[in-house]
Amino acid sequence: MNLIEELRWRGMLHDFMPGTEEQLASGMTTGYIGFDPTAHSLHIGNLATIMLLVHLQRAGHKPIALVGGATGMIGDPSFKASERSMLSEETLQFNQAGIQKQLEKFLDFDCGANSAEVVNNYDWMKDFSFLGFLREVGKHLTVNYMIKKDAVQKRLNVSEEGEGRAEGISFTEFSYQLLQGYDFYHLYKHKNVLLQMGASDQWGNITTGTELIRRIDGGKAFALVGKLVTKSDGTKFGKSEGGNVWLDPNLTSPYQFYQFWLNLADDEAKKLIKVYTLLPQEEIEGLISQHDEAPHLRTLQKALAKEVTTRVHSAEDYMAAVEASEILFGKGDINALKKLSEDLLLTVFEGVPLVSVSRSDFESAATVPDLLADATQQQVFESKGEAKRMIQNGGVNINRQKVSLFDAGNGFELLHNKYLVVQKGKKNYYLLAVTE
RNA sequence: GGGGAGAUUCCAGAGUGGCCAAAUGGGACGGACUGUAACUCCGUUAGAGUAAUCUUUCGAAGGUUCGAAUCCUUCUCUCCCCA
């Protein structure tokens with residue numbers, strides 16, 4: 001199966017330029033995708049794009065991941081309603097290092113001719129003078145061309161519905177597409193890159209690149225964009241209650257990461273298992289029909305969670321997440337908790353907020369609200385009233401036992417003479433540690 | 001420059017002197033149900049208190065009144081229409 005067919009059945013293909021398929025068929029083609037260092041970690045939205053590179057490589061082509069050290073300094077205006085705030089150079093450098101490391105996890109850098117590469121556009125942009133850039137690059141495209149891009153229209157026009165007015169676009173952000181276009185040209189020139197991929201919102205920026213290659217060099221380069229992953233209700237995908245789902249285990253713990261996939265709605269799991277795993281078509285179809293027969297078993301979510309957690313983190317992290325989930329959502333009661341060694345307890349509750357309470361505060365807290373609001377310095381509950389209300393609603397568990405009276409004293413048994421497992425609602429856990 | 005409208009608790013939006021911590025809807029959170037789901041239903045949604053009740057809150061600051069989100073004054077900001 002060639003790349004296009006592969007992406008098509010997976011539902012990942014949005015559009016590509018005429019001739020792309022022929023180019024890919026003609027032999028090993030080098031393609032790249034850029035990632036701007038807007039944060040020090042990539043999130044699962046980026047991961048969908050990374051999968052494009054993975055598929056490119058699996059189809060026998062050569063993938064290049066570009067870290068946008070230069071473009072990140074500018075900010076991509078595509079389809080954004082407002083001007084973005086600029087990141088400081090220290091932040092950018094920190095972010096670049098972070099995402100470069102992550103990118104390296106997903107591609108094969110040692111498989112002969114089509115080994116992956118990572119490049120940073122800062123390396124070739126840093127020495128460009130402003131005048132040089134205007135003369136060598138800017139001259140080749142008209143503002144008329146650049147302004148026509150859908151991606152910038154949002155910032156130029158007052159919408160007809162009157163639902164807001166254009167905020168305007170700075171010259172800086174307007175220039176973004178030129179930078180990205182030049183990247184493509186540079187890679188075309190120096191690394192024989194003929195294809196740029198990306199999410200569908202990058203179409204405009206990518207075609208600026210192919211246009212630049214055509215005008216400067218008379219060359220022919222290609223574009224292929226993937227579908228933007230959205231939730232079935234059309235809202236942004238990749239956000240959980242806690243915000244973005246990051247690939248960095250310090251931002252989103254492997255347990256939380258695993259839980260995110262496990263909790264997907266059925267329809268989403270069906271869609272996403274094709275995007276985020278490399279399982280072959282027959283296997284996925286099998287899983288889907290298996291799932292439909294007994295949806296409550298959530299075969300799909302489990303398979304998806306396993307694949308992605310293992311790929312992004314590790315097999316060990318996956319196992320630990322499964323184990324933690326069983327303890328937290330299984331029948332585990334206080335006895336199950338008591339059986340855990342201190343190490344295992346901490347492992348299970350890794351990623352769960354750890355709340356320290358001094359021994360004296362712990363002992364002087366007369367009631368549960370005192371303990372969970374005051375003694376924890378509002379880390380579990382904002383106020384005693386809130387704690388009380390939730391207890392009255394039956395929403396508080398300590399050591400997996402429901403707290404039924406809000407004025408009950410705190411005669412709880414500390415695990416390992418130190419810990420208390422506090423549950424606020426079903427899914428919000430806190431590990432209370434009594435410190436001396 | 002001229003004329004008009006408005007600013008309310010997370011959001012939208014009622015409330016025009018006491019019955020207002022403030023209707024209603026949304027969101028969020030909790031509970032029941034369930035598949036750690038969806039749907040549905042129920043509850044909570046300023047702080048303190050077991051409670052009675054008290055404290056802070058309706059753009060800001062003053063004032064009138066026994067009593068103000070509601071009346072008056074000034075200020076700040078927003079929106080609309082006409083030039």
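Naming convention: chains lettered A, B, ... in sequence-line order (proteins, then strands); numbering from 1 in each chain. This is a predicted model, so every value here is computed, not measured.
With rounding to whole Å, Gln423(A) atom CD is found 14 Å from rU36(B) atom P. The CD-P distance, from Glu293(A) to rG35(B), rounds to 17 Å in whole Å. Rounded to whole Å, the distance from CD on Glu386(A) to P on rC29(B) is 12 Å. Following rounding to the nearest Å, Arg389(A) (CZ) and rG49(B) (C1') show an atom-to-atom distance of 13 Å. In this structure, the CG atom of Asn393(A) is 5 Å from the C1' atom of rG30(B), given to the nearest Å. Taking atom NZ of Lys424(A) as the reference point, atom C1' of rC29(B) lies 8 Å away to the nearest angstrom. When rounded to the nearest whole Å, the span between NZ of Lys427(A) and P of rU34(B) equals 16 Å. Between Trp261(A) atom CH2 and rU36(B) atom C1' the separation is 17 Å, expressed in whole Å.
When each of Phe35(A), Phe109(A), Tyr32(A) is paired with Val118(A), the side-chain contact (heavy atoms from CB on, under 4.5 Å) condition holds for Phe109(A) and for no other. With Met73(A) as the partner, the side-chain contact (heavy atoms from CB on, under 4.5 Å) test is satisfied by one option alone out of Leu92(A), Asp36(A), Leu179(A), Thr172(A): Leu92(A).
Base pairing of rG67(B) is not made with any nucleotide, judged by Watson-Crick or G-U wobble geometry with both donor-acceptor distances under 3.5 Å. With both pairing distances under 3.5 Å, rG43(B) is matched to rC29(B) as a Watson-Crick or G-U wobble pair. Remark: rC79(B) base-pairs with rG4(B); criterion is Watson-Crick or G-U wobble with both hydrogen-bond distances under 3.5 Å. Within the shown strands, rU74(B) is the pairing partner of rA60(B) under the Watson-Crick or G-U definition, both distances less than 3.5 Å.
For the 3.5 Å distance criterion, the side chains of Ser41(A) and Gln102(A) qualify, holding a donor opposite an acceptor. At a cut-off of 3.5 Å, with distance as the only test, a side-chain donor of Gln23(A) or Thr29(A) sits close to an acceptor on the other residue.
Using a 4.0 Å cut-off, some side-chain N or O of Lys426(A) falls inside it from OP1 or OP2 of rA32(B).
Listed nucleotides: rG31(B), rU36(B), rG35(B). Nearest to the side chain of Lys402(A): rG31(B). Of the listed nucleotides (rU36(B), rU50(B), rA48(B)), rA48(B) has the atom at the smallest distance from the side chain of Ser383(A). Here rC29(B) is the nucleotide among rC29(B), rA32(B), rU36(B) with the atom lying nearest to any side-chain atom of Met390(A).
Put simply, the side chain of Asp76(A) reaches to within 4.5 Å of the side chain of Asn205(A), judged on heavy atoms.
Looking at Lys388(A), its side chain has no donor and acceptor atom pair within 3.5 Å of the base of rU45(B). A donor-acceptor contact under 3.5 angstrom links the side-chain atoms of Gln259(A) to the base of rU36(B).
Glu382(A) comes within 4.0 angstrom of nothing in the nucleic acid, heavy atoms only. Within the 4.0 angstrom heavy-atom criterion, base atoms lie near Leu262(A).
Only the C1' atoms considered, rC33(B) is 8 Å distant from rU40(B), to the nearest whole Å. Taking atom P on both nucleotides, rA48(B) is separated from rU56(B) by 15 Å, rounded to a whole Å.
A cation-pi arrangement is present between Lys424(A) and Phe381(A) under the rule of less than 6.0 angstrom and at most 45 degrees off the ring axis.
Heavy-atom nearest nucleotides on RNA chain B were determined for Gln392(A) and for Asp266(A), and the one closer to the 5' end corresponds to Asp266(A). For Val396(A) and Pro295(A), each mapped to the nucleotide of RNA chain B holding its nearest heavy atom, the one lying further toward the 5' end belongs to Val396(A).
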